[in-house]
Trainee: 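Take a look at this one; I'll ask things after.
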Amino acid sequence: MKISEEILTKIKENVVKGRRNKEDEDLEGGSVGEPGVEELVDGALKGEIGPKKIIECINDAMVVVGKKFETGEYFVPDMLASAEAVSVGMEVLEPELLKVGQKKEKFVVATVEGDIHDIGKNIFAMMLKGAGFAVIDMGTDVSAEKIVKTVKAEDGEIVGIGLSALLTTTMENMGVVTEKLREEGMSKSVLVGGAAVSKEFADKIGAIYCADAFEGVDKAKELIKRG
Ligand code: B12
C-alpha cells in the first residue's frame with residue numbers, strides 16, 4: 001500500500017473509532033500513544049495529501065459510522081465520538097482551506113430547523129471562506145423565519161444561501177425556506193446538501209442540489225459569474 005493510502009486508511013479507521021488524538025483509547029481500551037485523527041491529518045497534509053482527499057476520506061468514515069448505527073452496533077454516543085474526532089481533524093485542516101483572502105460576496109449557511117448535524121455544513125462554510133466568500137454561518141436547527149429574516153436584512157449583498165439537512169424529516173424544512181423566500185419575493189439561489197438530500201428533492205423545492213461541498217463551492221462561484 002502506498003504511504004498516502006495508508007495514512008488515509010488510518011484516518012478513516014480512527015474517525016470510525018472516535019479517536020481524536022494519541023491520548024484517546026479505542027473502543028477496546030487500547031491504542032493509547034498511537035496517532036489519532038489530529039496527528040494523522042497533520043501528517044497527511046505534511047505528506048502533501050490535499051484537503052479534498054482528506055475530506056472524502058472523512059465522508060467515507062462517517063458512512064461506515066452511519067451503517068454501524070443502523071445495524072445497532074453503534075449508539076448515539078459512538079456517532080458523537082466520531083463527530084468529535086472529525087471536528088479535531090477539521091481544526092487541523094482549517095488553515096489549509098482558508099489560504100485565500102476574503103472577498104465581499106456574502107453567503108448564508110445553515111442547518112435547517114430540527115437538525116443538529118453540522119459537520120457537512122461546517123466543511124462547506126470553511127471551503128466557501130477558503131474560496132473568498134464572506135460567510136454568515138447561522139449554525140444548526142435554524143428556522144425558516146430566521147433564515148429569511150437574515151437574508152432580508154443583508155439583501156442585495158447575499159449571493160446565495162446554503163442549507164444542510166441529514167434527516168429525511170428535517171429535509172422538508174428546506175422546502176419551507178424556499179417557499180418563504182418566494183412568498184417574500186426574494187429570488188435568491190439556494191444550494192442544498194447533506195446525506196438526506198437528492199437531486200429530485202432539490203428540483204421539487206426549486207433549489208440547486210450539491211452532492212458534496214466541492215460541488216457547492218463551484219456552484220457558488222457560478223452564481224457570482226451569473227451576477
Ligand atoms: C455524526 C452523526 C450524528 C451526530 C451529529 C454530530 C454533529 N456535530 O454533526 C449526532 C450523534 C448528534 C447525531 C444525532 C442524530 N442522528 Co445522526 N448521524 C451522524 C452520521 C453518522 C454522520 C453525519 C456526518 O457528519 N457525515 C459526514 C459529513 C461530512 O457528511 P454530510 O453532512 O453529508 O456532508 C457532506 C455533503 O453532504 C455536503 N453537504 C452537507 N451539507 C451541505 C450543505 C450545502 C449547502 C452543500 C453545498 C453541501 C453540503 O458536504 C459534506 C462534504 O462534502 C450520519 C450517517 C451518514 N451516513 O450521514 C448519521 C445520521 C444522519 N443520523 C441519523 C439519525 C437517525 C440521528 C438521530 C435521530 C439519532 C437519535 N436516535 O437520536 C439524531 C438526530 C439529531 C438531530 N435532531 O439532528 C440517521 C438519519 C436517518 C434518516 N434518513 O433520517 C443517519 C443517516 C444514521 C443512520 N444511517 O441511521 N447524528
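Just follow the structure's listing: the first ligand is 1, and inside any ligand the first atom is 1.
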Trainee: Please identify which of these residues, V108, V109, I161, meets the side-chain contact (heavy atoms from CB on, under 4.5 Å) condition with M138.
Mentor: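 It is V108, the one option of V108, V109, I161 that forms the side-chain contact (heavy atoms from CB on, under 4.5 Å) with M138.
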Trainee: Any idea which protein heavy atom is nearest atom 87 (C) of ligand 1, and the distance to it?
Mentor: F69 CD2, 3.8 Å
Trainee: Are the charged groups of K219 and E215 less than 4.0 angstrom apart, N to O?
Mentor: yes
Trainee: Does some non-hydrogen atom of S82 fall short of 4.0 Å from ligand 1?
Mentor: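 Not so, S82 does not reach ligand 1.
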Trainee: Would you mind checking if K67 and E70 are paired as a salt bridge, meaning a charged N to carboxylate O distance below 4.0 Å?
Mentor: no
Trainee: Could you tell me which atoms of ligand 1, counted from 1 in the order shown, lie closer than 4.0 angstrom to a heavy atom of G216?
Mentor: 47 (C)
Trainee: Tell me which one of R20, E34, R19, E39 satisfies side chain to side chain donor-acceptor pair (under 3.5 Å) with N14.
Mentor: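 For N14, the side chain to side chain donor-acceptor pair (under 3.5 Å) check succeeds only for R19.
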Trainee: Cation-pi check, K106 to F133: give yes when NZ or CZ is under 6.0 Å from the six-membered ring centre and within 45° of the ring axis, no otherwise.
Mentor: no
Trainee: Among T170, L167, L166, D141, which residue satisfies the side-chain contact (heavy atoms from CB on, under 4.5 Å) criterion with V112?
Mentor: T170
Trainee: What N, O or S atom of H117 is found closest to atom 17 (Co) of ligand 1?
Mentor: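 Looking at H117, the N, O or S atom with the least distance to atom 17 (Co) of ligand 1 is NE2.
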Trainee: Of all the atoms in ligand 1, which lie at a distance below 4.0 Å from a heavy atom belonging to L163?
Mentor: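 It comes down to these atoms of ligand 1: 43 (C), 44 (C), 45 (C).
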Trainee: Using a 4.0 Å cutoff against the non-hydrogen atoms of I123, which atoms of ligand 1 qualify?
Mentor: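 Checking each atom against I123, I get 29 (C).
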Trainee: Looking only at protein heavy atoms, identify the closest one to atom 31 (P) of ligand 1 and say how far it is in Å.
Mentor: G120 CA, 4.0 Å
Trainee: Are K17 and D24 within salt-bridge range, i.e. N to O under 4.0 Å?
Mentor: no
Trainee: Would you say I58 touches ligand 1, if touching means a heavy atom closer than 4.0 Å?
Mentor: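 False for this residue.
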Trainee: Which residue from V112, L166, V76 reaches closest to atom 32 (O) of ligand 1 through any of its heavy atoms?
Mentor: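 The nearest heavy atom belongs to L166.
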Trainee: Measure the distance from atom 33 (O) of ligand 1 to every protein heavy atom, then report the residue, atom name and distance (to 0.1 Å) of the closest one.
Mentor: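 Residue, atom and distance for the closest contact: A195 N, 3.3 Å.
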Trainee: Relative to the heavy atoms of C210, which atoms of ligand 1 are at a distance of less than 4.0 Å?
Mentor: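 Answer, ordered by atom number: 47 (C).
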Trainee: Pick one of side chain, backbone, both or neither for how A213 approaches ligand 1, counting any non-hydrogen atom pair under 4.0 Å.
Mentor: both
